[in-house]
Amino acid sequence: MREPDFWWRRNSVWARLLSPLGAIYGVISAWRMAQDGIDAQVPVICVGNYHVGGAGKTPTAMALVKLLRGMGETPVVLTRGYGGRLTGPVVVEPSRHDAREVGDEPLLIARHAPVVVAKDRAAGAQAARERGASVIVMDDGFQNPAVKKDLSLIVVDGARGLGNGLVFPAGPLRAPLAPQIARTDALFVVGDGHAADNLAGEVRAKGGDVLRAALIPDAAAVEALRGKPLLAFAGIGDPERFFAGLRNAGLDVAATRVFADHHAFTSDEIAGLIADARRVGQTPVTTEKDFVRVRGLGIDEASIHTFPVAMTFSNERALADLLRGALTRARARRSG
């Protein structure tokens, strides 16, 4: 779906009209979050959002995998596989699966770590453990109670914050904010801006940690695109953040095309986009997540550039200490 603009505005008529539905949805979602889940028998680290759409969960999960491996852990990523038709549990194999089967994010993560896709997260956790996981990293699923979490890490965009602060469909929140904050161990504020400052204060007041983070573009990709007028296209939760990232890297974004989050591209759409770009001397560029949905359509993939980014943390040592502490406590609870 494409986010409605009124989610990110105050005092919208649509938000007021939908508030009663949001209140009902909020009661149900808060009740659901309070339910007990199964014990995965290994530590579970969940990377989530308070709101619908993206803020950098997948790059964060990949950064955590790298850190955990450096600690001698064997992380396996568990995800629902949004947009894929396979219910799982299934271990993602990039050489065999495509985005229509397992979703775009699992294919992207599977380049770096084993990934289990499962609509039933409890069954997925068991499959991850059987795959040899010493720790499970959940990409999304913060509001889902199926599996107990040992550490819940929330990602928020520093410039966007939480929009109008209302619960879906009146706003972008997946559940009322208070019960979500109560279950938050740490908040990662991504990028510049002060839209999440109040939220960070609330998390700290509840005893949670707050860390700053940033999405850093790949230097080689920036150089390959420098000096070229770009036709940038994206079907992600926040396309404007992608376009801004290109501009902030000093690149020439001549035109943009926006698609719904997880949009299933067709060969005609991509072929038409490439033709439009060639006609005016532009270079098509998209996100890595979008590109995995372009592959296999039988079009000229080589003419489309990707813009890889990686999540970095201003205090990686503090994050490593947070992870180590959570793993130690989780294992002590299970051994006791």
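Here the structure is a predicted model, which means the values were calculated and not measured. The figures here come from the full heavy-atom set of this structure, side chains too, leaving out hydrogens, waters and symmetry mates.
- A donor and an acceptor atom, one from each side chain of Thr58 and Asp139, are located under 3.5 Å apart.
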Can Leu177 and Leu199 be said to form a side chain to side chain contact (heavy atoms under 4.5 Å, CB included), step by step? CA-CA 10 Å; Leu177 190 56; Leu199 174 63; 4.2 Å; yes

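- Residues Arg100 and Arg293 have side chains not in contact (no heavy-atom distance under 4.5 Å, counting atoms from C-beta outward).
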Working for ring-ring contact (aromatic ring centres under 6.0 Å, His included), residues Phe307 and His305: CA-CA 7 Å; Phe307 190 69; His305 287 247; over 10 Å; no

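- The shortest distance between side-chain heavy atoms of Leu68 and Leu327 falls below 4.5 Å.
- Using a 4.5 Å cut-off between side-chain heavy atoms of Ile, Leu, Val, Met, Phe, Trp and Tyr, with links allowed through other members, Leu230 and Phe242 fall into the same hydrophobic cluster.
- Atom NZ of Lys66 sits in a sparse spot, with 12 or fewer heavy atoms from other residues, nucleotides or ligands closer than 6.0 Å.
- Within the 4.5 Å cutoff, the side chain of Pro59 has heavy atoms near those of the Leu215 side chain.
- Looking only at atom types and distance, the side chain of Glu288 has no donor-acceptor partner in the side chain of Thr306 under 3.5 Å away.
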Do Asp39 and Arg333 pass the salt bridge (charged side-chain N to carboxylate O under 4.0 Å, His left out) test, and can you show the C-alpha distance, the side-chain angles, and the key distance before you say yes or no? CA-CA 11 Å; Asp39 186 342; Arg333 284 195 298 269; over 6 Å; no

What do the steps show when you test Asp290 against Arg257 for salt bridge (charged side-chain N to carboxylate O under 4.0 Å, His left out), and what is the final call? CA-CA 12 Å; Asp290 285 294; Arg257 302 276 181 89; over 6 Å; no

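- Atom CZ of Arg131 sits in a sparse spot, with 12 or fewer heavy atoms from other residues, nucleotides or ligands closer than 6.0 Å.
- A distance-only check finds no donor-acceptor pair linking the side chain of Gln143 to the backbone of Ser29 [under 3.5 Å].
- Looking at heavy atoms from C-beta onward, Lys289 lies in side-chain contact with Asp261 at the 4.5 angstrom threshold.
- Between His263 and Phe259, the angle of the ring planes stays under 30°, which puts this pair in the parallel group of the 30/60° scheme.
- Between the side chain of Arg16 and the main chain of Asn11, a donor-acceptor pair closer than 3.5 Å is present.
- The closest side-chain heavy-atom distance from Leu86 to His97 is below 4.5 Å.
- The two residues Met311 and Val190 have their closest heavy-atom pair at CE-CG2, 3.9 Å.
- Residues Phe188 and Val47 have side chains not in contact (no heavy-atom distance under 4.5 Å, counting atoms from C-beta outward).
- Looking only at side-chain heavy atoms (C-beta outward), Pro106 and Glu101 stay at 4.5 Å or farther from each other.
- From Glu202, atom CD reaches atom CG of Asp197 across 11.5 Å, with rounding to the nearest 0.5 Å.
- Between Ile181 and Tyr50, some side-chain heavy-atom pair lies under the 4.5 Å cut-off.
- In the displayed structure, Arg129 atom CZ is contacted under 6.0 Å by more than 12 heavy atoms of other residues, nucleotides or ligands.
- Using a distance-only test at 3.5 Å, with no hydrogens or angles considered, a donor-acceptor pair links the side chain of Gln35 to the main chain of Trp31.
- Surrounding CG of Asp276 are more than 12 heavy atoms belonging to other residues, nucleotides or ligands, all under 6.0 Å away.
- Atoms CD and CZ, from Glu269 and Phe233 in turn, are 10.0 Å apart once rounded to the nearest 0.5 Å.
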